[in-house]
Colleague: 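One structure, as structure tokens, below. Some questions next.
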Protein chains: 2
Amino acid sequence: MTEASGSSHTMRALTELRQRILNGELQGGTRLLEVPLAEMLQISRTPVREAMSRLVEEGLLERARSGFVVRTFGLDDVIDAIELRGVLEGTAARLAAERGAEPELLAKITAIVAELDTCFGEDPGDTDFDNYSRLNADFHRVLAQLAGSKVIARELDRVMRLPFASPSAFLPDKVDMVSRRHSLDLAQAQHREIVAAIGDREGARAEALAREHARTARRDLEYVIARKRSLTGPVASIALIVD
Amino acid sequence: MTEASGSSHTMRALTELRQRILNGELQGGTRLLEVPLAEMLQISRTPVREAMSRLVEEGLLERARSGFVVRTFGLDDVIDAIELRGVLEGTAARLAAERGAEPELLAKITAIVAELDTCFGEDPGDTDFDNYSRLNADFHRVLAQLAGSKVIARELDRVMRLPFASPSAFLPDKVDMVSRRHSLDLAQAQHREIVAAIGDREGARAEALAREHARTARRDLEYVIARKRSLTGPVASIALIVD
DNA sequence: CAGCGCCAAAATGTATACATTGCGTGCCTT
DNA sequence: AAGGCACGCAATGTATACATTTTGGCGCTG
């Protein structure tokens, strides 16, 4: 939605490179050379450069003395990114409460929380993780908007784009669904509380709750890392990064 | 220091454009066209593009559907940026206290605070604003490092680069030095308290103090805006922006 | 008169050739 | 043999020509 959908060469290079970085194919510190990449993608250096430039904006690459390198993330950085997300979401929640959130957005996030409930079946094995993941991402997106601040929403968006700061990154497919379900129950209760606090204009409480929510996510991540042998899919990068 | 010193065409364009944006010559929302800029700077479109791309990274420009526009900042955004800075510096201070700051950095920031004292002469009119401004920037830079987190330092750096979020942006030359001096006294007292709280490992207190410090900066800004007729120099952009 | 669609020109996207820079290697000098 | 200078390669920086997309306006039509 935020992404310009263009099918130009730049976009293809952007998508391709982003994927390879998130996959872990391109490890942190790897220098990206324009010519080999251009040859690999069968395009000229120009759109490659353009794509790399945008990946710097996204925080996945860094500019070196000359050229670009893949940004390095260690376990410490992962933890810090989640901490940061919690702080920013806390701020968003507090400001939403203090300044009074747009009723429309408040209704929207309430609806999302309600819909999240439908992902939880009777049986723990019955949880709709995919749907939860999508709705959870929506929750955090709307939360970012609730403060009604372009500046804050923008920085929050930046942080969430860091490959692991996203709250949906910790929902791997096949990992011990029963105990994951436990985490999600807790997270869902927190969603409810955060929205309630904003509705009640209790800024400080909303902020504290949002921070706690992120702390839960961090614990989830630590759990995932601890069992990373059984991981596949979108979190593979984390498994590689923290090796 | 962070800035690559290169004297290439790209760097020249970057410097030139940045200056014109901060000057207010290029107002928010202005679309930047490559060809006219290239002609103006007597260079080709390539380095112009490159420079604009980097200005997106700095947060001064945005990418539109196609091309670039100068990012728009309103008074609300200015306030939010300062709020955000306070939150991030608060986080840095808290983490520094919780995790234990590097003694070397702690010594460094203590020295900066001490040196800041030397800027205050007996007479209010005797204040060395320039030196204060420089040291104050150092204080905030070191504070950003104290958390020992690349991720947090990076985002904080981003926010501080926003033209007005920087705590040194509110020290215009000729404006009512006596009452400015009052603000600086307060700010300096806060500097001291923040460092003390970090040294004492009082995370929550350090966080609260850093936030309060930013709130002081916001009040300073509001004061500056209120009297903006008498402004010149680096804050001229604010005067334009909030008109 | 409003709305739709198409055309032209202006602006960006892309390719490619050439310039410059930085670094490593090897030879020459002492 | 060791040090330094120079040459050359490889990579990015820059210019420019060409392709594609976007946009705004004009005229047609309902």
Side-chain angles (χ1 to χ4, degrees), chain A residues 1-21 25-72 154 161, chain B residues 1-21 25-72:
Chain A
M1 185 157 135
T2 310
E3 182 88 20
S5 55
S7 63
S8 55
H9 286 176
T10 297
M11 292 305 172
R12 194 163 67 80
L14 186 58
T15 306
E16 191 78 23
L17 285 177
R18 189 191 291 120
Q19 190 179 17
R20 295 193 186 225
I21 292 167
E25 274 179 67
L26 298 170
Q27 296 188 21
T30 304
R31 186 176 175 190
L32 295 184
L33 300 182
E34 296 175 7
V35 175
L37 288 174
E39 284 170 357
M40 163 188 300
L41 297 170
Q42 303 268 55
I43 57 182
S44 79
R45 282 170 49 211
T46 313
V48 172
R49 252 176 113 74
E50 173 77 13
M52 292 197 291
S53 195
R54 293 190 189 216
L55 287 171
V56 173
E57 290 163 27
E58 289 185 21
L60 295 182
L61 298 185
E62 290 177 326
R63 288 183 192 276
R65 355 333 123 68
S66 91
F68 301 84
V69 300
V70 179
R71 189 168 163 193
T72 301
R154 188 188 196 95
R161 278 175 192 270
Chain B
M1 182 158 124
T2 310
E3 182 87 21
S5 54
S7 64
S8 56
H9 286 175
T10 297
M11 292 304 174
R12 194 163 67 80
L14 186 58
T15 306
E16 193 76 24
L17 285 176
R18 189 191 292 121
Q19 190 180 14
R20 295 194 185 223
I21 293 167
E25 274 179 66
L26 297 169
Q27 295 188 19
T30 305
R31 186 176 177 189
L32 294 184
L33 300 182
E34 296 175 6
V35 175
L37 288 174
E39 282 169 0
M40 163 187 300
L41 298 169
Q42 302 268 56
I43 58 182
S44 78
R45 281 171 48 210
T46 314
V48 172
R49 253 177 112 73
E50 173 77 13
M52 292 198 291
S53 192
R54 293 187 189 217
L55 288 171
V56 173
E57 290 163 27
E58 289 185 21
L60 295 182
L61 299 184
E62 291 176 325
R63 288 182 192 275
R65 262 113 32 86
S66 87
F68 300 83
V69 299
V70 179
R71 190 169 162 192
T72 301

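Numbered from 1 within each chain, the chains take letters A, B, ... in sequence-line order.
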Colleague: How would you give the extent of chain B contacts on DNA chain C, as first and last nucleotide 5' to 3' within a 4.0 Å heavy-atom cut-off?
Modeller: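 Here the contact window of chain B covers dA11(C) to dG13(C).
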Colleague: By side-chain contact (heavy atoms from CB on, under 4.5 Å), which residues pair with R154(A), not counting sequence neighbours?
Modeller: E62(B), R71(B)
Colleague: Identify each donor-acceptor pair in which a side-chain atom of residues 28-38 of chain B lies under 3.5 Å from a protein atom, sequence neighbours left out, and give them as a table.
Modeller:
{"residue": "T30(B)", "atom": "OG1", "partner": "Q27(B)", "partner atom": "N", "Å": "3.4"}
{"residue": "T30(B)", "atom": "OG1", "partner": "Q27(B)", "partner atom": "O", "Å": "2.6"}
{"residue": "E34(B)", "atom": "OE1", "partner": "R45(B)", "partner atom": "NE", "Å": "2.8"}
{"residue": "E34(B)", "atom": "OE1", "partner": "R45(B)", "partner atom": "NH2", "Å": "3.1"}
{"residue": "E34(B)", "atom": "OE2", "partner": "R49(B)", "partner atom": "NH1", "Å": "2.4"}

Colleague: Under 3.5 Å between N/O atoms: give me all the protein pairs with nucleotides 23-25 of chain D, atom names plus distance.
Modeller:
none

Colleague: Between V70(A) and L60(A), is a side-chain contact (heavy atoms from CB on, under 4.5 Å) present by the stated rule, with each step listed?
Modeller: CA-CA 6 Å; V70(A) 179; L60(A) 295 182; over 6 Å; no
Colleague: Taking atom P of dA10(D) as reference, at what distance in whole Å does atom CZ of R45(A) sit?
Modeller: 14 Å
Colleague: Does E39(B) have any side-chain hydrogen bond (donor to acceptor under 3.5 Å, both in side chains) partners at least two apart in sequence or in another chain, and if so, which?
Modeller: none
Colleague: Give the C-alpha distance, both sets of side-chain angles, the deciding distance and a yes or no for side-chain contact (heavy atoms from CB on, under 4.5 Å) between L14(B) and M11(B).
Modeller: CA-CA 5 Å; L14(B) 186 58; M11(B) 292 304 174; 4.1 Å; yes
Colleague: Please list, chain by chain and in numerical order, all residues satisfying side-chain hydrogen bond (donor to acceptor under 3.5 Å, both in side chains) with S53(A), sequence neighbours excluded.
Modeller: R63(A), S53(B)
Colleague: With DNA chain C as reference, determine whether S44(A) or F68(B) sits nearer its 5' end, using the nearest nucleotide of each.
Modeller: F68(B)
Colleague: Just to verify, what does Q19(B) make a side-chain contact (heavy atoms from CB on, under 4.5 Å) with, not counting sequence neighbours?
Modeller: N23(B)
Colleague: Run the side-chain contact (heavy atoms from CB on, under 4.5 Å) test against T10(B) and tell me which residues pass, sequence neighbours left out.
Modeller: S8(B), P47(B), E50(B), R54(B)
Colleague: Map P36(B) and T46(B) onto DNA chain C by nearest heavy atom, then report which one ends up closer to the 5' terminus.
Modeller: P36(B)
